[in-house]
Structures are given as C-alpha cells and as structure tokens.
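Before any comments, here is the structure.
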Amino acid sequence: MRVSTIPISAWVGIAGIVLALFCAIFAPWIAPFGEREVVGDIWLPMGGDFLLGTDNLGRDLLSRLIYGARTTISVALAATFLSFSLGMLLSFTAAVTGGFIDQMFSRFNDLMMAIPTLIFALVVLAVLPQQLWILILVMAVLDSTRVFRIGRAVALDVAVMEFVEAARLRGEGTGWIIFREILPNTLSPLLAEFGLRFAFSILFLSTLSFLGLGIQPPAADWGGMVKDNKDGIIFGISAALIPGGAIATLAICVNLVVDWLMKRTSSLKGGRGDA
Amino acid sequence: MAALGPDTGPAQATAATAGGESLPQSVAVSGTEPPAMATGPVTGSVWRRFSLRRPLAALILQRLGLSVGLLFAVSLMIFGGVEALPGDFATTYLGQSATPQAVENIRKDLGLDRPMTERYVSWLGGAVQGDFGTSWASRNSVSEQIGKRLGNSLFLAFFAAIISVPLAVALGMLAVQYRNRLPDKIINVVSLAAISLPEFFVGYLLILFFAVQLGVATFPSTVYDSMGFGERLSAIALPVATLVLVVLAHMMRMTRAAILNVMASAYVETAELKGLSAFRIIARHAAPNAVAPVINVIALNLAYLVVGVVVVEVVFVYPGMGQYMVDAVTVRDMPVVQACGLIFAAFYIFLNMAADLLAIIANPRLRHPR
Amino acid sequence: MPEPESTTLLSVRNLKIEATSYPPGEPPKTVTLVENVSFDLEKGKVLGLIGESGAGKSTIGLSALAYGRGGASITGGQVLLDGVDILTLGRNGIRTIRGCKVCYVAQSAAAAFNPAHRLGEQVIEASLRHGIMTREEATKRALYLFTVLGLPSPETFGERYPHQVSGGQLQRAMTAMALCPNPELIVFDEPTTALDVTTQIDVLAAIKHAIEETNTAALYITHDLAVVAQISDDIMVLRHGKTVEYGTTQQIIEAPNEDYTRALVNVRQTKRQEAVDQSDTLLKVDNVSAGYGNGFKVLDNVSLHLPKGQTLAIVGESGSGKSTLARVITGLLPPSEGTIRFEGKELPKALKARTKDELRRVQMIYQMADTAMNPRQTVRDIIGRPLSFYFGLRGAQKTERIKELLDQIEMGAPFLDRYPAELSGGQKQRVAIARALAAKPELILCDEPTSALDPLVAEGILNLLLKLQEETAVSYVFITHDIAIVRAIADSVAVMHRGRLVRFGPKSNVLSPPFDDYTDLLLKSVPEMKIGWLESVLTTRRMASAGN
C-alpha cells in the first residue's frame, strides 16, 4: 500500500481523528480555561473571550469541549479495547475448537443479542451503581457480542481453508493455528471492525450520557454537554449543538477511515451480517 | 476473463454501521439445522419425517418455537439478571439514612422478602396476562401507564416506517441504477455521514431550525388524549423526521447491497444475453430474488426503529414508552424498567423473527421441495 | 440442401478486447485480453475455441453477443453477423440479436437459471419476448427440444424449478433454452466442464445431436481438445489472447503445425509400466467405513493396500468418497469402523491421538494450491516450517535445506522470499510438493493435485512427482477422476463408486477386461483424442442396448 493511494475521504477522516486525539492528550495545555471553572454569564454567545460561548452554568464551552474529548475518547476507547479483546478471544476459541464450546458460546451470544443493546444497557444500569468502570464494563460486554459474531465468522472463513488443515495435519497446536495461520489473514477486516466498534462506542456512550446514565457531571463529556445545554435550544441558543456536532464529526471521521479499510479488504469476506 | 472485472464486490455497501444499534440478522440463519432450544421435545422420527415432507412448514414452526424460547430466556435474563446484580432496592428507595426497620418494612411492602423463583413465576404469569405489577415510584399500575404510552410510541414508529421504507428502497434502487457514478457516490457519502449522526443531534438540529427559527413545527411534541388526529400528526412531525433520517441511511445502504448482490448474479447475465429489456430484467429476473433480502433489510431496520424511539422521545419530550423507561431507570423503578425492557425486547424479537420467516417463505428451494 | 451464395454466418475481424483492472493499492491499468483474432464461421458449422485459462476464449465467445463480462470491452475490430457489424448496433439494436439470432450456454447452468422461475418459462422466454413465436408454438418447441436432448419426462420437465433437477439435466435444459428461439448461432462456454465424465458424454452427445438436428451454427469453447474434437468442424487454438493455430479439426488433431498445438494433442499420452508388487506393504486399509454424523455412510467397507515406493490411484466421480478416504487416512475424519495400518502398525484413528512422527510420515498435497498455502507466508516460511517443526532445523542449516528442496522441485533459490500470490499456479503446486517433501514422508496423499491446472502445466507436475518418487522412494496415494493420469503414473488402481470400492488391483488388471459395469462405463466415457470417438462409443452403446 502506498500513501498516494489513500483516497481524500480517508485523509479527511485521519485528519479529524488526529485532531481529536491531540485535543484529548494535551487538553490541560490547549484549553483556555479550566474544565469546571465558571468564567462568565450563562449561555454567552460565541466570540470575544469565549470562542464558542459559555454553557448553562457559565463555563467556557471550548474548554469543556476539549476536556470532553479526553473523557469521551478515553472511555470509548477503553470500552472498545475491552470488548474487542473479550469478543476476539471468545470467538476465535469458538471457531477453532468447534463442537460443544462453539455451540454454547454461540447460543449464549444469540441470546444476548436478542435484546437491543440500548434497552439492555438501560436495564442493567438501572441496577448497578453509577461508576465509571462499571459503565465501561457494561459497554464492553454488550459490544463484545457484536465482535463475537464478526470474529467467529471471519475466523471460520479462514479456518476452513486448506492451509489451516495442513497445519493441523502437521500437528501444530491451537496457539500456532490461531496466531500464525488465522490471525495474520484476518487483520484487515478486524481492523475495520475495530474502527466500526469505536465509532459505535462513541455514539453509544454519548447517548447514555445524554440520557443521564453515562458519565456523571461535573466531568465534561460530549453527550452530557448536550444534555446540560438542551434547554437552551428553545431560546435559540445552539450551545447543545456544538458538542453534538463534535460527536457527529468524530464518528463520521472514523467511518470514513473504516469505509476505506473495508474497500481494501473486500477480498477476504468477513461475514458482515451485522449491518 | 471474469477475474479481471473491477473489484467492487456487492458486500461492501453494508460497510459502516456505527450510526446505531447493530441488529442480529437472524438467530439461526437459515435454520437448516434444528436449533436445540426450539426442538427439544419434538425431536425423533416423527419430526424428521415431517420436516422432510414439509420443509417449509417445519422451518417456520422451528423459527416460531425459537422465538418463543428466546423470549422466555430474555424474560429470565431481565428478571433474574436484575435480581442477581448487586444493590439493595429498599436501601436505594429510602436513602442511606433509613433505619433497618424501615428497610425491612419496605421490603415486605414491595414483596422482596419472598423467594426469587416465586416472584419470577408470579411476575411472568402476570406479564403474560398483561399485568406488570405496580410502580414503586408512583404506586400506579404499570400496565395502565404502558398501555397509553405504547400506543403513542407505535404511532410514532408507524409514521416513521411508512415514510422511510419507500424512500429507502427508492434511493437504494437509484444508487444501483447509477452505480459508481456521481449520484451513487453522493448517496454513499451522505448516507455514511448520516449513519454517524447521533439521534439527539439530528433532533435538536431540526428543533432549532424548524421550531425555533422558522416556527413551522411544534416543540415539545406533547400529545394528550383530547387531541385530534391532525393535531397529533403535526405534533409528531419533527420526531418522525428525526427517526426517518436516522433509519433511512442504514436501510438504503443495505437495500443497495442486497440489490447489487442480485444484479451481479449469473442469471441476470443470462437474462441480459437473452436480449431482454432493462425493465424486464429488473422486474422479472432481479426483483423476485431481491425481494427477500430487501424485506429482510426492512424488518431489521423496523426493529431498530422501535428502539430508536427511546432517544427521540426523550429529545422531544414525547409521552411514549421510551421516555417512561428512561425516567424509571433514573429513579430505579424496577417493575417499570422490567416491563418496558421485556416489551421492547419482545418487539425486537418479533420483527427479527418476521424477517427470518419472510426470507424462508421467499426461498423457492423451500417453497418447492424436490 | 441447396447451397446459398454466401454461407458465412459470423465473421470476426481483428478483434481486440481490453479490460480495466483495479489492483488494490495501485492505479487502475488497462489489460489486453484478446488481440488481433479473426475467424469465419459458416452456417450450420461448429468452430471450437480452445486454450488454457487466460487464453481469452470465453471473452471471444461473448463478443459474438457484443457482450463484455466484468469490465471487459471490445475496443477494436469487427464482429459481422450476416454481414452486419453488431458492435455498431447500439443498446437497442443489440437486443434484437441477443437471445434471438445468437444464444449463449454458460458453464454453470445451476447459476445461470433463475431460481425463482420454472424451467419451462425460462426456456421459452426469449422466443416470446422477441415475438418469434406464440406461447403455444414455443411450448411445443420446448417439448420437442426436451425430447431431442433426452431429458426425462419431457412433457412435465418444464414445470420444475432449477433446484429440482440434476446438474447434467440443467446443462441440457440450458441448451434447450438456447435452441428454443431457433437462433443462427449458439455460443457454448465450457458446457460440460463442471460435469462428471459419465454425465459429460451424455450431455455432449445430446448437444451434438441437437445442433445437427436444428442445423444451428456454434462456437464451442473448452480447454479440452479431446472434447472439442468430437463436435467441431474447425478448431482455433488460442494462447494469451492470440491465435496460435487455426484449421480444420482433422488438421489440428492429426497434423498440427505449431509446437504448442502438438503439445496439447500429445498431452497425457505417457503411459507407465506398473511396478511388480513384491515390496513390503506400507499402507493397509481394512474394512473402513465412515460418515459425517447423520448415519449416512460416505465410505462403506473399503479395503486396500499400497506397497512401499509405489503409487495407488483412487479413481471416481464426485460423491464417490475418494476424498473422504484421504481424510480418513490422514485422521481428519476418524472412521466409524475398520483399521488403518502403516508399516504393519495400526494408526490411531483420530488426528489428535497420533504422534508427531506418525504425522510426519504421511503428508498431503491439495487440489487448490492457492488455498493450501498461507498467503501471508513466504516460500521460505512455508517450506521451512516442517523443517523446524519436525527436525528442529534453524538458521543457515534450515536455509540450506530449503534451497535443496527448491532445487528438487526445479525452482531454485530466487523464489525463497516470494509470497504465494507472486507465483503461477504450477509454481504454487510445486511449493506445496516441497512442503510435503520437507517432512521426509513415506506416503504423500495427492488429492487431485493437477485437476485445477492447465494440461501442459499439469503434465510438468506429474513428471516431477514421478521423478521425486524415483529419488526418494516415496509412495503416493493419488486421488483423481482422470483415467489418463491413472495410466500415466499408477502402479495399482482402486475404482470407487458411491462410497464403495468397485475394483482394486494392479493397473493392468483393473484397466483391462473383463470389466464390471461401472468401470466399463467410466472408461468408455473418457474422451479420446480421436475424431469420431463419440460416434463410435454411441454406436457401441446402441448396439449393446439393442442386443439386450
């Protein structure tokens, strides 16, 4: 793959992701004000000292947006990493072992997927205490069902190939078969899937925060910022749309990159049933 | 030779899906092997002979059975999972400072002192008859509250569906017609962006523009019993538009993929080499085979729609099931959460089942067995 | 029949076909598929187009319908049908040719029929839509064609759906579909390639009979010279999109001018004298039965044996259980009954129960070298893994041995760091052989290793296998459907049919009379490189059935 062959759309996506990551990592240095610092009147318009105006409590919106990038991205990323590790581990084990283990894992996964993710999350979060690690765990477990499906399909696609059979005939162990024979051939579709799950995690986290069940105030987080500022909408104050737009932009950027990754890997059909 | 064709497989269009809920396409994909859950008591030679003679009926029965089993398992999860998770509701209900005596009383009051299995049986028994118990927060009958709100939610979802389905199919066909040309590329980029938009962002954008700045729509979208049909329609205009925008992109991309898949098949090439007109190729040869996957796409997205109403109802302060459930979650009103969870899951399972059944019925191999 | 003035139906002049390919990660590039091809076809005659894969034969065939498949487009030359250049007709004009004057029969009828409609409807559709016949006339003609093509119960055949009939019947139905509108020309694109030999001969005979009966001209595309020799009047040999030789069938078969044609004609004429069966037995299979769950036996009570350093060919058609037998020997599918002995010692049934050394001694070569090698590993990794796995070789020692093996398969050190995608089909199969050899096995199971390759490449692989056997005294179990290969390499032969062993013994016994019915049918169905072979077989058959 040469750099020149990456389409413009993917470049746009990469640029957006890099910008968001930059904000997340260097938030304390680039944000003009503090995360929870009340700096002025409520819902001040854009311009002047406050580039994007102030929020419902008089905090600087731009600073909160930058700090929010940190919270939103790190939580979404943590949940995605966790869900991916869990989903991949279980799905590859199921695909390579087959038989009873595969049946058991798959049936249980079907059951988990029979309940819509958001509804499931609502039920579970109604019971559990509101803590960050619990939120990440719930998101990860729910999302890992989707990873399991894709992972199993992709792994099965490769596992039935004759070179895997040849390795089995040679007497290779399960570890070698998974890491040396199957994994290298599934990297591209799985990378795309990771991007997809990350974009979904951002949206899901924002939705939960918006419903008041995600990250708790006063920490800045994009979904929660929409919730904080939603009452301004009736008065024509667009403060809620700015974090909303940030969520949308980041998700679009990730999807642009994913779209390009998918086109590159169309040769290896991963069972993309999850549409 | 064929291998030199442009590398544009039809499988890609289902690509980015981050916009919302991922839908399990089907539980037992085509049901060629009997799912253990559904056929437990009916295995053996009688069933085998029946499924050989009437494969279609057998598969449908199997799929129905699977759904019932799934729903049962889900009820168990929603009830049992809630019970098994940590957190004492009585304490939550009264606050940390409550005396042990008060906690004990409230536990008795809510029936929490009875054994779990007994409570589950009576809960499920009630649920089957439409009785979901009493709300802890308001002490009202849950079923009564849900009855009204479910109607409202379905009203919303129904109008979103009748607008989005034809639109999505038409746009999907348009994209196929102009494949790899400008309209297709525009539709691709726009729909990719639309998939990435959170529902609440779309909702508030529409509110700010149509309700606040132009003043042509109403917000909040309150509906009440004495409202006329026309008034209701105008009240739900914005939430319906939001739902349509959110679900449209998904449905359109999947429709495009499904149709492209059929158009790339050898029998469409055969039709073309018979010198048939473009219209006849599409109507007679592509359509009958594309109908099943497209209907499948629609059913799956409708399942999503039922869930998508949750966020949209909160945004528009619309008195539906979704808002009821979210409110209940915030105050930890478990009977309401369980009831709403079960009903949402039931709709979801039902629509997924419908998708599978339609796919089974549309398969000529099953309709006309050897 | 009175001779008309001009009898030329199709005349192709200086045809050039190009396609744009989009290699991932590279700018698109234009590839020339066919260049400077010209030929004439007279009314009622058959022209055979022959060549290996990539020769451009299907592309040329489809140009007679002005159709480019998968991005191919005709960029130069003329295709004159009755003197009219159909390339200039435009969208609507060409529709009056397709399915009316020129019809097409695809290689895979199973995919080419629409699963949603009845066969009869699809067969008469073109005739109705082009207004050639009324529905009654078309139905009558379809019935006539079903009868001519020897389809079972022709009256009701059209009421069935494609999935309700067999592959051979579908291929004949596709021919009926092409013949129905009374076309002047039919393009047959490898119509019998996907079929078993015993089915192929019936379909071939049916096609020949039907086009003679209806006096239709045909382009017959195939990779098998012996098949085309039975049916065509003229033959054009193609390679890499260019004409190699063009002449009458008799001239091409009996007096080819070009080396390439000569090689095609002489392919697989080699016959090997069988070894005398006196060495020790290496492999002994006793009363083996096996199946996949559901109680149905894919292998039923099979017993055979193979001496050291010799080759056992297992012959059969699809579904005969020959590949299953290989899976049972490797341990991938444990048999439900029976034993497998290796040098007198019983092998554990399941793969997992076998020791590393037992696994090392039996290696396998697959039909598709593409899928048998990990695309993310280099030749060095692929051949090197058995060396380090079984013998613990590493570093320079390992590289030395890999180079030795590469020399043995006549490829050499420059290929060390290539990926499978950078190798040709024949080279891939050679690497697969080297991987098997690296384990120093006593037995190599070859599962149709040459059937996906072009004839000349396949011959190279067979010769390599024979050479390696002389050098290393390895034994082969060679699974194939091709009698010519059996003649070329086997010492003993096992004929399988529907999971049973029909015949087993030294090659000379198995391949000479008296035959059992199935072996007789199988042997007589293999096309021979001889004009008039098909007629003679059919005549014998008719006499045999008349005699009964």
Side-chain angles (χ1 to χ4, degrees), chain A residues 9 103 107 110-120 122-129 145-146 149 192 196-200 202-203 206-207 210-213 223 226 230 233-236 238 240-241 244-245 247-249 251-252 254-256 258-259 262-263 266-267 269 272-275, chain B residues 7 9 11-12 14-25 27 36-37 70 73-74 77-78 81-82 85-87 189 192-193 195-201 204-205 207-208 212-213 219 250 254 257 303 307 310-311 314-315 325-326 328-330 332 334 337-338 341 344-345 348-349 352:
Chain A
S9 61
Q103 280 296 316
R107 290 296 146 243
D110 289 345
L111 176 59
M112 294 279 285
M113 289 183 77
I115 307 174
T117 312
L118 182 62
I119 302 298
F120 209 142
L122 287 180
V123 172
V124 174
L125 290 174
V127 187
L128 293 172
T145 56
R146 273 71 187 169
R149 252 173 80 101
L196 217 57
R197 288 345 301 174
F198 179 52
F200 180 74
I202 294 172
L203 292 170
S206 305
T207 302
F210 171 74
L211 296 178
L213 298 163
V226 176
K230 66 178 182 186
I233 293 282
I234 323 170
F235 311 113
S238 57
L241 292 181
I247 298 164
T249 313
I252 290 175
V254 175
N255 269 334
L256 284 174
V258 168
D259 195 47
M262 295 261 185
K263 284 196 173 129
S266 54
S267 58
K269 289 177 285 171
R272 302 217 48 79
D274 186 350
Chain B
D7 195 355
Q12 294 158 10
T14 52
T17 64
E21 189 74 7
S22 315
L23 301 150
Q25 194 145 36
V27 177
M37 212 184 292
L70 216 46
V74 165
M77 266 179 108
I78 286 180
V82 163
L85 291 168
V189 171
L192 193 66
I195 283 174
S196 316
L197 299 181
E199 292 94 338
F200 52 82
F201 180 64
Y204 286 127
L205 211 59
I207 293 171
L208 187 67
V212 178
Q213 295 194 339
F219 175 79
H250 254 118
M254 287 163 77
V307 179
V310 173
V311 177
V314 173
V315 169
M325 184 175 184
V326 172
V329 169
T330 356
R332 311 207 160 195
M334 293 321 292
V337 173
Q338 285 171 333
F344 274 121
Y348 195 71
I349 291 173
N352 276 310

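Keep in mind it's a predicted model, so treat the numbers as computed, not measured. Naming convention: chains lettered A, B, ... in sequence-line order (proteins, then strands); numbering from 1 in each chain.
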* **Polar side-chain atom of B:Asn352 near backbone of B:Tyr348 as donor-acceptor pair, under 3.5 Å** => yes

* List in chain and number order the residues that pass side chain to side chain contact (heavy atoms under 4.5 Å, CB included) with A:Thr145, two or more places apart in sequence or in another chain; answer none if no residue qualifies. => A:Asn109, A:Met112, A:Met113

* Structure fact -> Hits for side chain to side chain contact (heavy atoms under 4.5 Å, CB included) against A:Leu241, two or more places apart or cross-chain, chain-then-number order -> A:Ile233, A:Ser238, B:Phe201, B:Tyr204, B:Leu205, B:Leu208

* **Interchain contact, B:Val329 with chain A, by part (heavy-atom threshold 4.5 Å)** => both

* Structure fact -> Interface check, chain B: of A:Val254, A:Leu125, A:Ile202, A:Ile234, most non-hydrogen pairs under 4.5 Å belong to A:Ile234

* At a heavy-atom separation under 4.5 Å, does A:Leu213 approach chain B through its side chain, its backbone, both, or neither? -> side chain

* Asked: Checking heavy atoms, do the side chain of A:Phe198, its backbone, both or neither come under 4.5 Å from chain B?
  -> neither

* Gap separating the CD atom of B:Glu199 from the CZ atom of A:Phe210, nearest 0.5 angstrom -> 9.5 Å

